[in-house]
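Reviewing the structure listed below.
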2 protein chains.
Amino acid sequence: MDHKQLGYFLTLAETLHFARASEQCHVSAPTLSRQIKQLEQELGTELFIRDNRSVRLTVNGKAFVDYAQATLAKWRQFKGQCQDSAGPLTGELSMYCSVTATYSFTYDLFAVFRKQFPAIELNLNTGDPAFSINHVQTGKEDVAVAVAPSHLPQGVAYLPLGKSKLVIIAPTMDCPLSELINSHLNTPSLWEQLPFIMPEHGVLKERIDAFCARQKLTPKVYAHVSGHEAMVALASLGFGVACVPQIVLEQSPFLNQVQHLEVEPKGSLEEIEIGLICKQKRLQDPVVSALWQCATQLFSNPYS
Amino acid sequence: MDHKQLGYFLTLAETLHFARASEQCHVSAPTLSRQIKQLEQELGTELFIRDNRSVRLTVNGKAFVDYAQATLAKWRQFKGQCQDSAGPLTGELSMYCSVTATYSFTYDLFAVFRKQFPAIELNLNTGDPAFSINHVQTGKEDVAVAVAPSHLPQGVAYLPLGKSKLVIIAPTMDCPLSELINSHLNTPSLWEQLPFIMPEHGVLKERIDAFCARQKLTPKVYAHVSGHEAMVALASLGFGVACVPQIVLEQSPFLNQVQHLEVEPKGSLEEIEIGLICKQKRLQDPVVSALWQCATQLFSNPYS
DNA sequence: TACTGTATTTCATTTTTTGAAAGGTAAAAT
DNA sequence: ATTTTACCTTTCAAAAAATGAAATACAGTA
């Protein structure tokens, strides 16, 4: 029996829905189904009654909710107790992330981390997430927030923090570009004529390239830019259309100066996932491990 | 965090010796070492202080002994509670094993099983362990005690119960055979002349064949016999020498009527391992699973 | 200096876990 | 009555993790 399974169980006990619970736990439904079954087998009793319509807790299942919660609480308590007796953890930790991340994902993370390890000095550097992996691999930074690449390099640990849709934005202000857009709205030829503001590197660039390829579209590139936030600024000024993570847009001071362009079919611009990365080896370092565990607690597994 | 790890930890905390603890836990020393390290990492604290001479518990380690014991006790308690509330488990279970096994390995097993599941009817059949795997595979028996083969067939679950050395025995009574042995003691030519009582099938036969091959020895086979116990009887009566598991000999009423023959080099007759086997699929059956879990508890993991 | 006892690393292999897709089932909608 | 929908489970091929033999590292001891 595994704490992971207790987390799965509690999530399922709450949602009473395999698909939703599995999503919350960041695993597939089959995995959740099997883990629960294994737990039941190990206990020698059914925890849920499931027919194809519904999932309900059995009597033993209800009792196990208490057991699981108590067990996890005890574990957390013991862990905390170990930290205390060891004296506060000190040291330095360097982190690289985008400006937007500091407003969103890492904002909560820093709060928790600071509270739990007030003596660790944090060294925060912001920049284009496209460089995150490189900075971490070269050892320039301990950890970084990165857009999840399709294939992680070996030896790099990854922890998902969240997802964001990609949106295409154009200026709302009066300018030649907005006229062009208004006159050609919903005509396929529009896309051929739009000047694009492209990211220089990174997963975002890959996504846009893939999107264009699928649409059989050769974009007119107006400018290459490094850093998601700057792309919003340029787009709002009428330089061209840009593709940015929705979360970046939401935080932008220029939010009101841009409009969305719909893409057809919807979802053909695959959303990106944002995560924490770190050289596997660096996780041995107690300081790095401390941050990682805070992040795990906060983002990965509501229970555990 | 895993209950398996708690078991490893407790064993190591008791022995304070990786090699011995790993043996008790039926894993290799590297495995134990890594699991402990992983546990320590997850807890964010050292549990043991090890230099190459000694292993000692840290302060946190001592506290974790209590934690681990309490956790496992709670788990067992909860499991028991589930059984109770479900009403006693009933059904029938068929088992095949050697006569010797009923005196040794399964004796304790039956005691525990009976106490925990008094309503399950046990159907016990004894015979030559060479047939165990076949009986289980064909579904003739639910579970069986077998001599561990070098390669288990797919779909068969196996649980080690114990090991036994193999010994070669000869009659002590006055007879042509014992004279032959006494006159040729320690001469290599002795082995060529001895009449062998060979098992008909099974792992034991394989071991003896392998031994003979290594010794470049073509044994004179006096008789083929099915069933380990019978071989002791025949050997004691002067029919020939036999190779049997030490544990069979120890239980035999003819123990005093036979002598050991030493083999050179020592250990060239590899010892056998005895285990419980069962069709993987049959483990789904609560009744079979019940026995299996009793056996696990008793033989596999002192803590868990 | 060689030897011994012991914990840990390395590395190739085996085992386990994983998720996409397919399957199955039963209510709801047409 | 048939199709659609919702959703849990199985299958299967691929990826990841765990495993142990052998090598390594290290510190006392002969």
Side-chain angles (χ1 to χ4, degrees), chain A residues 1-5 7-9 11-13 15-42 46-58 61 150-160 270 273 280-281 283-284 300, chain B residues 1-5 7-9 11-13 15-42 46-57 61 150-160 273 280-281 283-284 300:
Chain A
M1 203 275 305
D2 195 321
H3 278 188
K4 192 177 56 178
Q5 292 173 321
Y8 294 164
F9 168 81
T11 308
L12 182 59
T15 62
L16 296 177
H17 192 292
F18 276 79
R20 270 191 282 280
S22 71
E23 197 182 4
Q24 273 190 43
C25 297
H26 306 287
V27 294
S28 69
T31 296
L32 181 65
S33 175
R34 270 173 311 207
Q35 295 285 349
I36 295 291
K37 193 187 297 181
Q38 185 183 319
L39 186 55
E40 290 178 322
Q41 183 146 177
E42 223 170 327
E46 305 248 300
L47 262 14
F48 296 99
I49 300 163
R50 43 266 211 212
D51 55 42
N52 291 356
R53 294 278 95 190
S54 66
V55 177
R56 276 164 304 146
L57 280 165
T58 61
S150 47
H151 291 299
L152 268 175
Q154 194 114 61
V156 173
Y158 174 81
L159 185 75
E270 204 191 341
E273 191 183 77
Q280 205 101 52
K281 293 250 173 187
L283 279 176
Q284 311 265 108
S300 176
Chain B
M1 204 275 305
D2 195 320
H3 277 187
K4 194 178 52 176
Q5 291 173 320
Y8 293 164
F9 168 81
T11 309
L12 182 59
T15 62
L16 296 177
H17 191 292
F18 276 81
R20 270 191 282 282
S22 71
E23 196 181 5
Q24 271 190 43
C25 296
H26 307 286
V27 294
S28 69
T31 296
L32 180 65
S33 174
R34 270 172 311 207
Q35 295 284 350
I36 295 290
K37 193 186 298 181
Q38 184 183 318
L39 186 55
E40 290 179 322
Q41 183 145 183
E42 224 171 326
E46 306 248 298
L47 262 13
F48 295 99
I49 300 163
R50 40 257 213 227
D51 56 43
N52 291 357
R53 294 276 93 189
S54 68
V55 177
R56 276 166 303 147
L57 280 165
S150 46
H151 291 298
L152 268 174
Q154 192 114 63
V156 173
Y158 175 80
L159 186 77
E273 190 182 77
Q280 204 103 52
K281 294 249 173 191
L283 279 176
Q284 312 264 108
S300 178

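Here is the naming used below: chain letters follow the sequence lines, and residue numbers restart at 1 for every chain.
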Across all chains, not counting sequence neighbours, the side chain to side chain donor-acceptor pair (under 3.5 Å) partners of B:H26 are none
note: B:D2, atom CG; D:dA17, atom C1'; distance rounded to Å ~ 13 Å
Residues passing the side-chain contact (heavy atoms from CB on, under 4.5 Å) test with B:S33, sequence neighbours excluded, are B:F18
A:L16 atom CG is separated from D:dC7 atom P, nearest whole Å, by 12 Å
Atom CG of B:L39 and atom P of C:dT8 are separated, to the nearest Å, by 13 Å
The side chain to side chain donor-acceptor pair (under 3.5 Å) partners of B:Q41 (sequence neighbours excluded) come to none
Whole-Å distance, A:I49 CD1 to D:dT9 P, equals 13 Å
note: B:E23, atom CD; D:dG20, atom P; distance rounded to Å ~ 13 Å
Contacts of A:Q35 meeting side-chain contact (heavy atoms from CB on, under 4.5 Å) (sequence neighbours excluded), chain-then-number -> A:K4, A:Q5, A:Y8, A:T31, A:Q38
Those residues at least two apart in sequence (or on a different chain) that pass side-chain contact (heavy atoms from CB on, under 4.5 Å) with B:A29 are B:S22
With sequence neighbours left out, the residues meeting ring-ring contact (aromatic ring centres under 6.0 Å, His included) with B:F9 are B:F48, B:F64
Under 3.5 Å, N/O pairs linking protein and nucleotides 24-27 of chain C:
residue: C:dT25; atom: O4'; partner: A:N52; partner atom: ND2; Å: 3.0
residue: C:dT25; atom: O2; partner: A:N52; partner atom: ND2; Å: 2.8

Tell me yes or no: between the side chains of B:E273 and B:Y158, is some donor less than 3.5 Å from an acceptor?
yes
Between CZ of B:F18 and P of C:dT9 the distance, given in whole Å, is 10 Å
B:E40 meets the salt bridge (Lys or Arg N to Asp or Glu O under 4.0 Å) criterion, sequence neighbours left out, with B:R50
Note: contacts of residues 28-37 of chain A with DNA chain C (heavy atom, under 4.0 Å) are A:S28, A:P30, A:T31, A:R34, A:Q35
From CZ of B:R56 across to C1' of C:dA7 the rounded distance in Å is 14 Å
Here the distance between atom C1' of D:dT9 and atom CD of A:E46, to the nearest Å, is 14 Å
(message) I'd like to know if the side chain of A:T15 reaches the main chain of A:R20, judged simply by a donor and an acceptor atom lying under 3.5 Å from each other, with no hydrogens or angles considered.
(response) no
